There are 2 protein chains.
Amino acid sequence: MTQVDTVTRILDAAEALFAERGFAETSLRSITTRADVNLAAVNYHFGSKKALIQAVFSRFLGPFYKLVEASLDNHEKTQPDTVLSIEDILHFVAHAMTAVSKGDRSKLTIFMRLLGLAYNQGQGHLRKFLQREYRSLFRRVMALVTKATPDLDPMERFWRFHFMLGSAAFTLSSMEHLMAIVEDDLSIKCTEEDVVGYLLPFLAAGIRAK
Amino acid sequence: MTQVDTVTRILDAAEALFAERGFAETSLRSITTRADVNLAAVNYHFGSKKALIQAVFSRFLGPFYKLVEASLDNHEKTQPDTVLSIEDILHFVAHAMTAVSKGDRSKLTIFMRLLGLAYNQGQGHLRKFLQREYRSLFRRVMALVTKATPDLDPMERFWRFHFMLGSAAFTLSSMEHLMAIVEDDLSIKCTEEDVVGYLLPFLAAGIRAK
DNA sequence: TTTTGAGTTAAACGTATGTTTCAAACAGTT
DNA sequence: AACTGTTTGAAACATACGTTTAACTCAAAA
């Protein structure tokens, strides 16, 4: 089946280039050249560049979504009436994230970068797309966070939740550059797992501040 | 002096449009139309679009840089041998930031968005520009943070510092959207000062985790 | 064998972009 | 009032982009 190969090659190439340069800065021609595919193939298989961006995103979103949902479903069945701690929640999410992007750091990078762009791009199509696909999962996680932090003012909880999201999106999407700086300044290498290991306690402490 | 007016009008228009749409998505024509200025004026006064972006950035960077430096200089002279707490440091920076963007929320937004893009844009000119202009201030603040958290592992401190930066950059650059969501979900309005008021304790607690 | 239809290709289309040009208008100086 | 260097204006330039078209390939169905 050559059509599946073409679609996959386009997605792979787009993924790598998006992660490396951004979306507006990546042309269809650079994608199709890298994928060794004809220019028209993108519009034939995806319809438009916007649709391609969303398709790249969906490749993570789908599995990630299912994995988190499955973890939470499983937990609710095996241990109902147990209130999850912030650490537990973060662990579920982080585990799904690393499982989905397993073996390919750029997958995590592009996922986070897309997330950041979706929030920043004022009139962007990404924001609506993301909201549409993510909404129910977002609400479910937020409900768990609410249970884990019952004393927190709702407004403050909302913002702290997004502070967490921001930490993750920013640092994980520019992880490569930051790792280069760290190696340059401290002459110590560090891995993706190290960073996540640093991140989770930071987030948990932040949301429990005061 | 009509030339200053033209330059200022271009900077104002560019600032607003960049904050609202992003950089690649904002054309010179939309900027000059909004500024009510001839298209060629941008290239005449700034040389190129890249230079315009940097000029917009410099308009904050300069005053912000000077304000923070002045605060720190003043503190060192009036109260030497006093170790600043994390809260103190954050307060200095936050104060300079709000002072520089006084009366115009979009100034904070674009500043933070630029910061985010500078870190994310792999081969971007912004990153080098920012590093060149910011380096000494960055080091100085980092040195203070180090004194404020003497027990922290250097590697972990580096990452936690950037977790803080990420929280701020992400939430403040998409503050408008987030505020709309908060008003929609909780039917409570909140101000820019509220958000910063929520942010600082979150950051302080995060960097002191464990 | 012929037909069909999805997949691929090269070329072109229309548009939007950043940039350049060069003549006209202007402000300040002599 | 004439000159000079700077700023503006309308137009054009060259290029890059996303998208579309129409001819072609080729394997599987009829």
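Nothing here was measured: the structure is a model prediction, and the numbers come from that model.
- Heavy atoms of S30(A) sit nowhere under 4.0 angstrom from any nucleic acid atom.
- In this structure, CZ of F23(A) is placed 14 Å from P of dG18(D), rounded to the nearest angstrom.
- In this structure, K49(A) places its NZ atom 4 Å from P of dG18(D), rounding to the nearest Å.
- The side chain of T6(B) contributes an N or O atom lying less than 4.0 Å from OP1 or OP2 of dT8(D).
- Here T32(A) lies out of heavy-atom contact (under 4.0 Å) with every strand.
- Straight-line distance from the CD atom of E25(A) to the P atom of dA16(D): 16 Å, rounded to whole Å.
- In this structure, D153(A) does not pair ionically with R160(A), as no charged nitrogen and carboxylate oxygen lie closer than 4.0 Å.
- A straight line from OH of Y44(A) to P of dT8(C) spans 8 Å, rounded to a whole angstrom.
- Classification of the F57(B)-F129(B) ring pair by plane angle, with boundaries at 30° and 60°, yields tilted.
- At a threshold of 4.5 Å between non-hydrogen side-chain atoms, the residues F158(A) and Y198(B) do not count as touching.
- Taking the six-membered ring where tryptophan is involved, the planes of F138(B) and F161(B) are perpendicular, since the angle between them exceeds 60° and thus also 30°.
- Atom NZ in K50(A) sits about 18 Å away from atom P in dC17(D), given to the nearest Å.
- With dT19(C), dT17(C), dC17(D) as the candidates, the nucleotide lying closest to the side chain of S27(A) is dC17(D).
- For the pair D36(A) and N43(B), both in contact range of DNA chain C, the more 5′-proximal nearest nucleotide belongs to D36(A).
- A salt bridge does not link E15(A) with R34(A): none of the charged nitrogens is closer than 4.0 Å to a carboxylate oxygen.
- Across the protein-nucleic acid pair, L28(A) atom CG and dT15(C) atom P stand 19 Å apart, rounded to whole Å.
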Stepwise, does the side chain to side chain contact (heavy atoms under 4.5 Å, CB included) test hold for S30(A) with R21(A)?
CA-CA 11 Å; S30(A) 68; R21(A) 304 180 197 174; 3.9 Å; yes

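- Ion pair R140(A)/D73(A) flagged as a salt bridge, since at least one NZ, NE, NH1 or NH2 atom sits closer than 4.0 Å to an Asp/Glu carboxylate oxygen.
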Between the protein and nucleotides 10-13 of chain C, which nitrogen or oxygen pairs come in under 3.5 angstrom?
residue, atom, partner, partner atom, Å
dA10(C), N7, N38(A), ND2, 3.4

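- Across the protein-nucleic acid pair, F46(A) atom CZ and dG18(D) atom P stand 15 Å apart, rounded to whole Å.
- The shortest distance between the side-chain N/O atoms of H45(A) and the OP1/OP2 oxygens of dA6(C) is not below 4.0 Å.
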